[in-house]
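Below you'll find the structure, written out as C-alpha coordinates, and then a few comments.
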Protein chains: 2
Amino acid sequence: MDDQPRRTRIQERNRARILEAALGTFARFGYRGTRVDQIASDAGMSKSNLLYYFGSKSEIYKAVLAGLLDRWLAPLRTLDPDGDPRRELTAYIEQKLRFSANEPEASRLFANEVMQGAPMIRDVLEGPLKALVEEKAEVLRHWAKAGKIRDVDPYHLIFLIWATTQHYADFAPQIEALTGSGIHDDRFRKGALETLSALLLEGLLPRA
Amino acid sequence: MDDQPRRTRIQERNRARILEAALGTFARFGYRGTRVDQIASDAGMSKSNLLYYFGSKSEIYKAVLAGLLDRWLAPLRTLDPDGDPRRELTAYIEQKLRFSANEPEASRLFANEVMQGAPMIRDVLEGPLKALVEEKAEVLRHWAKAGKIRDVDPYHLIFLIWATTQHYADFAPQIEALTGSGIHDDRFRKGALETLSALLLEGLLPRA
DNA sequence: AAAAAACCTGACCAAATGGTCAAAATGAGC
DNA sequence: GCTCATTTTGACCATTTGGTCAGGTTTTTT
(Lines give C-alpha, C1' and ligand atoms only; values in the text may rest on other atoms or scores of the structure.)
Protein backbone atom coordinates (compact mmCIF):
# COMPACT_ATOMS: atom_id res chain seq x y z
CA MET A 1 0.00 0.00 0.00
CA ASP A 2 1.84 3.02 1.38
CA ASP A 3 5.46 2.77 0.46
CA GLN A 4 7.84 3.98 3.13
CA PRO A 5 8.69 7.61 2.34
CA ARG A 6 12.08 7.56 4.16
CA ARG A 7 12.18 11.14 5.40
CA THR A 8 14.91 13.46 6.61
CA ARG A 9 14.72 15.17 9.98
CA ILE A 10 14.18 18.47 8.21
CA GLN A 11 11.40 16.95 6.16
CA GLU A 12 9.81 15.52 9.25
CA ARG A 13 9.84 18.84 11.02
CA ASN A 14 8.72 20.96 8.09
CA ARG A 15 5.95 18.66 7.01
CA ALA A 16 4.66 18.68 10.56
CA ARG A 17 4.77 22.45 10.69
CA ILE A 18 2.93 22.73 7.43
CA LEU A 19 0.24 20.27 8.43
CA GLU A 20 -0.33 22.06 11.70
CA ALA A 21 -0.61 25.46 10.06
CA ALA A 22 -2.82 24.03 7.33
CA LEU A 23 -5.16 22.48 9.87
CA GLY A 24 -5.66 25.91 11.38
CA THR A 25 -6.54 27.75 8.19
CA PHE A 26 -8.49 24.93 6.56
CA ALA A 27 -10.56 24.61 9.73
CA ARG A 28 -11.31 28.30 9.74
CA PHE A 29 -11.80 29.10 6.08
CA GLY A 30 -12.49 25.78 4.41
CA TYR A 31 -10.66 24.44 1.41
CA ARG A 32 -11.54 27.16 -1.06
CA GLY A 33 -11.21 29.94 1.45
CA THR A 34 -7.68 28.94 2.39
CA ARG A 35 -4.69 30.62 0.74
CA VAL A 36 -1.51 28.63 0.27
CA ASP A 37 0.43 31.77 1.05
CA GLN A 38 -1.17 32.00 4.46
CA ILE A 39 -0.41 28.41 5.36
CA ALA A 40 3.20 29.06 4.42
CA SER A 41 3.48 32.19 6.50
CA ASP A 42 1.76 30.51 9.45
CA ALA A 43 4.25 27.68 9.11
CA GLY A 44 7.07 30.18 9.02
CA MET A 45 8.36 29.50 5.53
CA SER A 46 8.08 30.77 1.99
CA LYS A 47 5.33 29.63 -0.31
CA SER A 48 7.93 28.20 -2.68
CA ASN A 49 9.40 26.15 0.07
CA LEU A 50 6.03 24.89 1.17
CA LEU A 51 5.33 23.77 -2.37
CA TYR A 52 8.59 21.90 -2.28
CA TYR A 53 7.11 19.67 0.39
CA PHE A 54 3.55 19.42 -0.86
CA GLY A 55 3.09 19.75 -4.59
CA SER A 56 -0.28 21.44 -4.41
CA LYS A 57 -2.95 22.85 -2.18
CA SER A 58 -5.17 19.81 -2.51
CA GLU A 59 -2.27 17.57 -1.59
CA ILE A 60 -1.91 19.42 1.70
CA TYR A 61 -5.62 19.18 2.30
CA LYS A 62 -5.67 15.45 1.71
CA ALA A 63 -2.72 14.94 4.02
CA VAL A 64 -4.39 16.91 6.80
CA LEU A 65 -7.66 15.03 6.43
CA ALA A 66 -5.97 11.66 6.35
CA GLY A 67 -4.31 12.27 9.69
CA LEU A 68 -7.55 13.54 11.12
CA LEU A 69 -10.06 10.84 10.40
CA ASP A 70 -8.56 8.20 12.63
CA ARG A 71 -8.48 10.45 15.64
CA TRP A 72 -12.06 11.52 15.01
CA LEU A 73 -13.24 7.93 14.80
CA ALA A 74 -11.17 6.40 17.59
CA PRO A 75 -13.55 7.03 20.52
CA LEU A 76 -16.44 5.15 18.94
CA ARG A 77 -14.22 2.10 18.47
CA THR A 78 -13.80 1.80 22.22
CA LEU A 79 -17.49 1.24 22.90
CA ASP A 80 -17.50 -2.19 24.50
CA PRO A 81 -20.53 -4.46 23.90
CA ASP A 82 -19.82 -6.34 27.13
CA GLY A 83 -19.48 -3.25 29.29
CA ASP A 84 -22.11 -1.53 31.36
CA PRO A 85 -24.12 0.86 29.16
CA ARG A 86 -24.01 3.67 31.68
CA ARG A 87 -20.25 3.45 32.02
CA GLU A 88 -19.63 2.90 28.34
CA LEU A 89 -21.72 5.80 27.14
CA THR A 90 -20.33 8.17 29.74
CA ALA A 91 -16.82 7.18 28.76
CA TYR A 92 -17.66 7.71 25.10
CA ILE A 93 -19.05 11.17 25.75
CA GLU A 94 -16.02 12.03 27.80
CA GLN A 95 -13.64 10.97 25.06
CA LYS A 96 -15.52 13.00 22.50
CA LEU A 97 -15.53 16.05 24.76
CA ARG A 98 -11.83 15.63 25.30
CA PHE A 99 -11.30 15.58 21.57
CA SER A 100 -13.29 18.79 21.24
CA ALA A 101 -11.16 20.33 23.95
CA ASN A 102 -7.78 19.16 22.70
CA GLU A 103 -8.30 19.37 18.96
CA PRO A 104 -11.02 21.92 18.28
CA GLU A 105 -9.51 22.76 14.93
CA ALA A 106 -9.64 19.14 13.84
CA SER A 107 -13.29 19.04 14.80
CA ARG A 108 -14.04 22.19 12.85
CA LEU A 109 -12.18 20.99 9.80
CA PHE A 110 -14.17 17.79 9.84
CA ALA A 111 -17.37 19.80 10.15
CA ASN A 112 -16.31 22.02 7.30
CA GLU A 113 -15.53 19.12 5.03
CA VAL A 114 -18.86 17.44 5.75
CA MET A 115 -20.81 20.67 5.31
CA GLN A 116 -19.32 21.08 1.87
CA GLY A 117 -20.73 17.74 0.90
CA ALA A 118 -17.80 15.63 2.10
CA PRO A 119 -16.20 15.64 -1.37
CA MET A 120 -12.91 14.27 -0.08
CA ILE A 121 -14.07 11.74 2.47
CA ARG A 122 -17.32 10.50 1.04
CA ASP A 123 -15.90 7.05 0.44
CA VAL A 124 -14.76 6.83 4.04
CA LEU A 125 -18.19 7.83 5.27
CA GLU A 126 -19.95 5.34 3.08
CA GLY A 127 -17.44 2.58 3.73
CA PRO A 128 -15.55 2.16 6.97
CA LEU A 129 -17.56 4.68 8.98
CA LYS A 130 -20.87 3.27 7.90
CA ALA A 131 -19.75 -0.22 8.81
CA LEU A 132 -18.48 0.83 12.20
CA VAL A 133 -21.62 2.78 13.02
CA GLU A 134 -23.80 -0.12 11.99
CA GLU A 135 -21.76 -2.41 14.22
CA LYS A 136 -22.16 -0.10 17.21
CA ALA A 137 -25.84 0.42 16.48
CA GLU A 138 -26.18 -3.31 16.79
CA VAL A 139 -24.57 -3.12 20.22
CA LEU A 140 -27.15 -0.56 21.28
CA ARG A 141 -30.00 -2.69 19.97
CA HIS A 142 -28.60 -5.61 21.85
CA TRP A 143 -28.52 -3.62 25.08
CA ALA A 144 -32.10 -2.58 24.46
CA LYS A 145 -33.20 -6.17 23.96
CA ALA A 146 -31.50 -7.13 27.20
CA GLY A 147 -33.48 -4.41 28.95
CA LYS A 148 -30.35 -2.53 29.89
CA ILE A 149 -31.39 0.60 28.04
CA ARG A 150 -34.62 1.91 26.63
CA ASP A 151 -35.56 0.95 23.10
CA VAL A 152 -34.63 3.99 21.03
CA ASP A 153 -33.36 4.38 17.50
CA PRO A 154 -29.61 3.77 17.83
CA TYR A 155 -28.72 6.07 14.95
CA HIS A 156 -30.42 9.09 16.43
CA LEU A 157 -28.77 8.27 19.72
CA ILE A 158 -25.33 8.22 18.13
CA PHE A 159 -26.07 11.44 16.28
CA LEU A 160 -27.09 13.04 19.55
CA ILE A 161 -23.76 12.22 21.12
CA TRP A 162 -21.81 13.38 18.11
CA ALA A 163 -23.79 16.60 17.83
CA THR A 164 -23.61 17.61 21.46
CA THR A 165 -19.95 16.83 21.98
CA GLN A 166 -18.72 18.34 18.73
CA HIS A 167 -20.84 21.40 19.27
CA TYR A 168 -18.47 22.60 21.95
CA ALA A 169 -15.62 22.73 19.47
CA ASP A 170 -17.47 23.78 16.35
CA PHE A 171 -19.50 26.55 17.94
CA ALA A 172 -16.87 27.60 20.43
CA PRO A 173 -17.11 31.32 19.59
CA GLN A 174 -20.82 31.29 20.27
CA ILE A 175 -20.45 29.38 23.50
CA GLU A 176 -17.71 31.69 24.62
CA ALA A 177 -19.84 34.72 23.82
CA LEU A 178 -22.73 33.34 25.86
CA THR A 179 -20.97 31.80 28.82
CA GLY A 180 -17.60 33.49 28.94
CA SER A 181 -15.95 30.10 29.00
CA GLY A 182 -15.47 27.03 26.82
CA ILE A 183 -14.66 23.36 26.57
CA HIS A 184 -10.93 24.04 26.86
CA ASP A 185 -11.54 24.95 30.49
CA ASP A 186 -11.35 21.93 32.77
CA ARG A 187 -14.21 22.96 35.00
CA PHE A 188 -16.42 23.80 32.07
CA ARG A 189 -15.71 20.47 30.45
CA LYS A 190 -16.56 18.64 33.64
CA GLY A 191 -19.86 20.51 33.82
CA ALA A 192 -20.65 19.66 30.24
CA LEU A 193 -19.88 16.00 30.81
CA GLU A 194 -22.05 15.81 33.91
CA THR A 195 -25.00 17.58 32.38
CA LEU A 196 -24.78 15.66 29.14
CA SER A 197 -24.49 12.21 30.62
CA ALA A 198 -27.12 12.95 33.26
CA LEU A 199 -29.58 14.16 30.65
CA LEU A 200 -28.86 11.33 28.27
CA LEU A 201 -29.06 8.63 30.91
CA GLU A 202 -31.67 9.89 33.34
CA GLY A 203 -33.64 12.39 31.33
CA LEU A 204 -34.94 15.78 32.28
CA LEU A 205 -38.21 14.89 33.92
CA PRO A 206 -38.12 13.84 37.56
CA ARG A 207 -38.60 10.14 38.07
CA ALA A 208 -41.87 9.14 39.62
CA MET B 1 -33.31 53.68 11.43
CA ASP B 2 -33.75 51.83 8.14
CA ASP B 3 -35.00 54.29 5.59
CA GLN B 4 -37.52 52.84 3.20
CA PRO B 5 -35.59 51.84 0.08
CA ARG B 6 -38.61 52.18 -2.31
CA ARG B 7 -37.84 49.37 -4.70
CA THR B 8 -38.95 48.49 -8.17
CA ARG B 9 -40.49 45.14 -8.97
CA ILE B 10 -37.38 44.27 -10.90
CA GLN B 11 -35.22 45.22 -7.98
CA GLU B 12 -37.37 43.20 -5.64
CA ARG B 13 -37.11 40.15 -7.80
CA ASN B 14 -33.41 40.41 -8.56
CA ARG B 15 -32.36 41.17 -5.04
CA ALA B 16 -34.30 38.14 -3.88
CA ARG B 17 -32.67 35.97 -6.51
CA ILE B 18 -29.24 37.17 -5.53
CA LEU B 19 -29.80 36.63 -1.83
CA GLU B 20 -31.06 33.12 -2.44
CA ALA B 21 -28.13 32.19 -4.63
CA ALA B 22 -25.72 33.82 -2.21
CA LEU B 23 -27.15 31.87 0.70
CA GLY B 24 -26.40 28.68 -1.17
CA THR B 25 -22.77 29.40 -1.95
CA PHE B 26 -21.93 31.17 1.29
CA ALA B 27 -23.36 28.23 3.21
CA ARG B 28 -21.26 25.80 1.26
CA PHE B 29 -17.98 27.61 0.86
CA GLY B 30 -17.98 30.31 3.52
CA TYR B 31 -17.31 33.96 2.90
CA ARG B 32 -13.79 33.68 1.57
CA GLY B 33 -14.47 30.56 -0.42
CA THR B 34 -17.38 32.12 -2.27
CA ARG B 35 -16.86 33.68 -5.68
CA VAL B 36 -19.03 36.61 -6.71
CA ASP B 37 -19.10 35.21 -10.21
CA GLN B 38 -20.69 32.02 -8.98
CA ILE B 39 -23.39 33.79 -7.05
CA ALA B 40 -24.20 35.75 -10.19
CA SER B 41 -24.37 32.70 -12.38
CA ASP B 42 -26.47 30.84 -9.81
CA ALA B 43 -28.80 33.83 -9.74
CA GLY B 44 -28.97 33.80 -13.52
CA MET B 45 -27.34 37.14 -14.22
CA SER B 46 -24.01 38.68 -15.07
CA LYS B 47 -21.50 39.62 -12.42
CA SER B 48 -21.73 43.24 -13.50
CA ASN B 49 -25.44 43.25 -13.04
CA LEU B 50 -25.19 41.65 -9.65
CA LEU B 51 -22.79 44.36 -8.58
CA TYR B 52 -25.33 46.88 -9.71
CA TYR B 53 -27.63 45.63 -6.97
CA PHE B 54 -25.06 44.96 -4.25
CA GLY B 55 -21.97 47.10 -4.37
CA SER B 56 -19.63 44.45 -3.02
CA LYS B 57 -19.26 40.88 -1.87
CA SER B 58 -19.37 41.79 1.79
CA GLU B 59 -22.52 43.79 1.24
CA ILE B 60 -24.22 40.67 -0.08
CA TYR B 61 -22.94 38.67 2.83
CA LYS B 62 -24.24 41.12 5.37
CA ALA B 63 -27.64 41.24 3.70
CA VAL B 64 -27.90 37.44 3.75
CA LEU B 65 -26.91 37.22 7.39
CA ALA B 66 -29.29 39.96 8.45
CA GLY B 67 -32.25 38.09 7.01
CA LEU B 68 -31.09 34.88 8.61
CA LEU B 69 -30.60 35.70 12.26
CA ASP B 70 -34.22 36.37 13.07
CA ARG B 71 -35.39 33.10 11.64
CA TRP B 72 -32.67 31.25 13.50
CA LEU B 73 -33.62 32.84 16.79
CA ALA B 74 -37.40 32.77 16.46
CA PRO B 75 -38.05 29.31 17.94
CA LEU B 76 -36.38 30.08 21.25
CA ARG B 77 -38.58 33.15 21.68
CA THR B 78 -41.67 30.97 21.77
CA LEU B 79 -40.59 29.07 24.89
CA ASP B 80 -43.37 29.89 27.31
CA PRO B 81 -42.52 30.14 31.04
CA ASP B 82 -46.11 29.33 31.96
CA GLY B 83 -46.41 26.30 29.73
CA ASP B 84 -45.82 22.68 30.60
CA PRO B 85 -42.09 21.90 30.32
CA ARG B 86 -42.65 18.66 28.47
CA ARG B 87 -44.85 20.33 25.88
CA GLU B 88 -42.72 23.45 25.61
CA LEU B 89 -39.44 21.65 25.08
CA THR B 90 -40.92 19.20 22.62
CA ALA B 91 -42.39 22.08 20.68
CA TYR B 92 -39.07 23.87 20.73
CA ILE B 93 -37.21 20.84 19.43
CA GLU B 94 -39.81 20.38 16.74
CA GLN B 95 -39.47 23.97 15.55
CA LYS B 96 -35.72 23.69 15.43
CA LEU B 97 -35.92 20.43 13.49
CA ARG B 98 -38.35 22.04 11.08
CA PHE B 99 -35.91 24.86 10.53
CA SER B 100 -33.16 22.36 9.78
CA ALA B 101 -35.47 20.64 7.33
CA ASN B 102 -36.78 23.73 5.59
CA GLU B 103 -33.69 25.92 5.62
CA PRO B 104 -30.65 23.69 5.84
CA GLU B 105 -28.55 26.22 3.99
CA ALA B 106 -29.40 28.93 6.47
CA SER B 107 -28.36 26.61 9.27
CA ARG B 108 -25.08 25.81 7.56
CA LEU B 109 -24.32 29.45 6.84
CA PHE B 110 -24.87 30.28 10.48
CA ALA B 111 -22.58 27.43 11.47
CA ASN B 112 -19.97 28.62 9.03
CA GLU B 113 -20.06 32.16 10.31
CA VAL B 114 -19.73 31.04 13.91
CA MET B 115 -16.93 28.60 13.12
CA GLN B 116 -14.95 31.42 11.57
CA GLY B 117 -15.15 33.29 14.82
CA ALA B 118 -18.44 35.04 14.15
CA PRO B 119 -16.70 38.15 12.81
CA MET B 120 -19.90 39.58 11.40
CA ILE B 121 -22.39 38.72 14.13
CA ARG B 122 -20.31 38.85 17.25
CA ASP B 123 -22.21 41.87 18.53
CA VAL B 124 -25.51 40.08 18.05
CA LEU B 125 -24.25 37.06 19.94
CA GLU B 126 -22.95 39.12 22.81
CA GLY B 127 -25.94 41.41 22.90
CA PRO B 128 -29.47 40.32 21.98
CA LEU B 129 -28.75 36.60 21.83
CA LYS B 130 -26.98 36.56 25.16
CA ALA B 131 -29.86 38.43 26.76
CA LEU B 132 -32.48 36.12 25.29
CA VAL B 133 -30.61 33.00 26.31
CA GLU B 134 -30.14 34.30 29.83
CA GLU B 135 -33.85 35.01 30.00
CA LYS B 136 -34.75 31.50 28.90
CA ALA B 137 -32.15 29.96 31.17
CA GLU B 138 -33.98 31.69 33.99
CA VAL B 139 -37.18 30.01 32.87
CA LEU B 140 -35.48 26.64 33.06
CA ARG B 141 -34.11 27.36 36.52
CA HIS B 142 -37.58 28.36 37.60
CA TRP B 143 -39.01 25.11 36.34
CA ALA B 144 -36.33 23.27 38.24
CA LYS B 145 -37.11 25.09 41.47
CA ALA B 146 -40.77 24.23 41.05
CA GLY B 147 -39.79 20.59 40.73
CA LYS B 148 -41.13 20.37 37.20
CA ILE B 149 -37.77 19.38 35.75
CA ARG B 150 -34.53 18.09 37.15
CA ASP B 151 -31.94 20.59 38.29
CA VAL B 152 -29.46 20.74 35.42
CA ASP B 153 -27.31 23.52 34.03
CA PRO B 154 -29.68 25.41 31.73
CA TYR B 155 -26.94 26.50 29.36
CA HIS B 156 -25.76 23.00 28.62
CA LEU B 157 -29.37 22.01 28.18
CA ILE B 158 -29.92 24.73 25.60
CA PHE B 159 -26.69 23.83 23.84
CA LEU B 160 -27.83 20.23 23.70
CA ILE B 161 -31.00 21.20 21.91
CA TRP B 162 -29.21 23.51 19.49
CA ALA B 163 -26.52 20.98 18.76
CA THR B 164 -28.78 18.02 18.13
CA THR B 165 -31.33 19.81 16.01
CA GLN B 166 -28.86 21.77 13.90
CA HIS B 167 -26.75 18.67 13.40
CA TYR B 168 -29.33 17.29 11.01
CA ALA B 169 -28.85 20.28 8.70
CA ASP B 170 -25.15 20.92 9.17
CA PHE B 171 -24.02 17.32 8.87
CA ALA B 172 -26.65 16.28 6.36
CA PRO B 173 -24.16 14.67 3.95
CA GLN B 174 -22.84 12.46 6.72
CA ILE B 175 -26.29 11.51 7.93
CA GLU B 176 -27.36 10.75 4.41
CA ALA B 177 -24.29 8.59 3.86
CA LEU B 178 -25.01 6.60 7.02
CA THR B 179 -28.76 6.27 6.95
CA GLY B 180 -29.72 6.85 3.34
CA SER B 181 -32.20 9.47 4.45
CA GLY B 182 -32.30 12.89 6.07
CA ILE B 183 -34.22 15.50 7.95
CA HIS B 184 -35.98 16.68 4.81
CA ASP B 185 -37.88 13.41 4.83
CA ASP B 186 -41.08 13.63 6.87
CA ARG B 187 -40.79 10.19 8.37
CA PHE B 188 -37.16 10.68 9.26
CA ARG B 189 -37.90 14.01 10.91
CA LYS B 190 -40.67 12.44 12.95
CA GLY B 191 -38.31 9.72 14.09
CA ALA B 192 -35.69 12.27 15.06
CA LEU B 193 -38.22 14.28 17.02
CA GLU B 194 -39.51 11.27 18.89
CA THR B 195 -36.09 9.92 19.78
CA LEU B 196 -34.74 13.31 20.76
CA SER B 197 -37.60 14.38 22.95
CA ALA B 198 -37.88 10.95 24.52
CA LEU B 199 -34.19 10.88 25.36
CA LEU B 200 -34.14 14.40 26.63
CA LEU B 201 -37.24 14.04 28.76
CA GLU B 202 -37.12 10.45 29.92
CA GLY B 203 -33.50 9.49 29.54
CA LEU B 204 -31.96 6.34 28.23
CA LEU B 205 -31.97 4.19 31.32
CA PRO B 206 -35.16 2.32 32.14
CA ARG B 207 -37.08 3.83 35.01
CA ALA B 208 -37.07 1.81 38.17
C1' DA C 1 37.43 18.14 1.36
C1' DA C 2 34.83 16.93 -2.75
C1' DA C 3 30.80 15.37 -4.58
C1' DA C 4 26.12 14.51 -4.27
C1' DA C 5 21.88 15.17 -2.48
C1' DA C 6 18.62 17.84 -0.18
C1' DC C 7 16.80 22.30 0.79
C1' DC C 8 15.43 27.03 -0.09
C1' DT C 9 14.72 31.44 -2.57
C1' DG C 10 13.02 35.00 -5.60
C1' DA C 11 11.65 36.06 -9.99
C1' DC C 12 8.17 34.83 -12.89
C1' DC C 13 3.59 33.30 -15.11
C1' DA C 14 -1.18 32.37 -16.41
C1' DA C 15 -5.54 32.28 -14.61
C1' DA C 16 -8.90 33.92 -11.48
C1' DT C 17 -10.94 37.46 -8.74
C1' DG C 18 -13.31 41.73 -6.97
C1' DG C 19 -14.64 45.70 -8.83
C1' DT C 20 -15.27 50.02 -12.34
C1' DC C 21 -17.26 52.38 -16.15
C1' DA C 22 -19.25 54.11 -20.38
C1' DA C 23 -22.54 52.94 -23.32
C1' DA C 24 -26.41 50.23 -24.92
C1' DA C 25 -30.98 48.21 -24.01
C1' DT C 26 -35.17 48.13 -21.65
C1' DG C 27 -38.90 49.77 -18.99
C1' DA C 28 -42.32 53.29 -17.00
C1' DG C 29 -45.00 57.60 -17.34
C1' DC C 30 -47.04 60.89 -20.35
C1' DG D 1 -44.53 57.61 -29.84
C1' DC D 2 -41.37 60.28 -26.84
C1' DT D 3 -38.74 61.15 -22.76
C1' DC D 4 -36.47 59.97 -18.84
C1' DA D 5 -34.96 56.74 -15.37
C1' DT D 6 -33.75 52.15 -14.64
C1' DT D 7 -31.45 48.06 -15.89
C1' DT D 8 -27.99 45.34 -18.33
C1' DT D 9 -23.92 44.54 -20.76
C1' DG D 10 -19.11 43.81 -22.03
C1' DA D 11 -14.75 45.59 -22.12
C1' DC D 12 -11.37 46.71 -18.90
C1' DC D 13 -8.25 46.99 -14.63
C1' DA D 14 -5.39 46.04 -10.54
C1' DT D 15 -4.59 42.57 -7.38
C1' DT D 16 -4.41 37.99 -5.80
C1' DT D 17 -3.78 33.24 -6.38
C1' DG D 18 -1.83 28.55 -7.35
C1' DG D 19 2.02 26.99 -9.27
C1' DT D 20 6.82 26.70 -11.98
C1' DC D 21 11.66 27.07 -12.48
C1' DA D 22 16.58 28.10 -12.63
C1' DG D 23 19.88 28.69 -9.67
C1' DG D 24 21.95 29.34 -5.10
C1' DT D 25 22.79 27.47 -0.29
C1' DT D 26 23.08 24.06 3.11
C1' DT D 27 23.48 19.38 4.66
C1' DT D 28 24.88 14.66 4.05
C1' DT D 29 27.75 11.15 2.17
C1' DT D 30 32.00 9.42 0.63
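In the text below, chain A, chain B and the rest are named by the order of the sequence lines, each starting its count at 1.
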Closest-nucleotide ordering on DNA chain D, the 5'-leading residue of B/Arg32 and B/Ile10: B/Ile10
Start and end of the DNA chain C segment that chain A contacts, any atom under 4.0 Å from a heavy atom: C/dA6 to C/dA11
N/O (side chain, B/Ser48) to phosphate O (OP1/OP2, D/dT9) under 4.0 Å: no
Nearest-Å distance for atom pair OH/C1', residues A/Tyr31 and D/dT17: 12 Å
Any donor-acceptor pair under 3.5 Å from A/Arg71 side chain to A/Gly67 backbone: yes
Under 3.5 Å donor-acceptor, A/Glu113 side chain and A/Ile121 backbone: yes
5' priority, DNA chain C, between A/Arg13 and B/Ser58 [closest heavy atom]: A/Arg13
N/O donor-acceptor pair under 3.5 Å between A/Thr34 side chain and A/Thr25 backbone: yes
Minimum-distance nucleotide (side-chain atoms of A/Lys57 versus D/dT8, D/dT20, D/dG18): D/dG18
Axial bend angle, the helix from C/dA1-D/dT30 to C/dC30-D/dG1: five-pair end segments, nearest 10°: 30°
Separation of D/dG18 P from A/Gln38 CD (nearest whole Å): 10 Å
Aromatic B/Tyr53 / basic B/Arg15 pairing, under 6.0 angstrom, 45° off normal: no
Among D/dT17, D/dG19, D/dT7, the nucleotide that comes nearest once only the side chain of B/Gln11 is considered: D/dT7
Atom CD of B/Glu134 with >12 non-hydrogen neighbours under 6.0 angstrom: yes
Touch class at under 4.0 angstrom, heavy-atom based, for A/Tyr53 against every strand present: sugar-phosphate
Under 3.5 Å donor-acceptor, A/Trp162 side chain and B/His167 backbone: no
Donor-acceptor under 3.5 Å (B/Glu126 side chain, A/Leu178 main chain): no
Donor-acceptor contact present, side-chain B/Arg28 to main-chain A/Gln116, <3.5 Å: yes
Expected output: side-chain A/Asn112 to main-chain A/Ala27 donor-acceptor under 3.5 Å: yes
Between P of D/dC21 and NZ of A/Lys47, the distance in whole Å: 14 Å
Length of the line joining A/Ile39:CD1 and D/dT17:P, which is rounded to integer Å: 12 Å
Touch class at under 4.0 angstrom, heavy-atom based, for A/Thr8 against every strand present: sugar-phosphate
Sugar-phosphate only, base, or nothing, as touched by B/Thr34 at under 4.0 Å among non-hydrogen atoms: sugar-phosphate
B/Tyr52 vs D/dT9: side-chain N/O to OP1/OP2 distance below 4.0 Å: no
B/Asn14 CG - D/dT8 C1' separation (whole Å): 10 Å
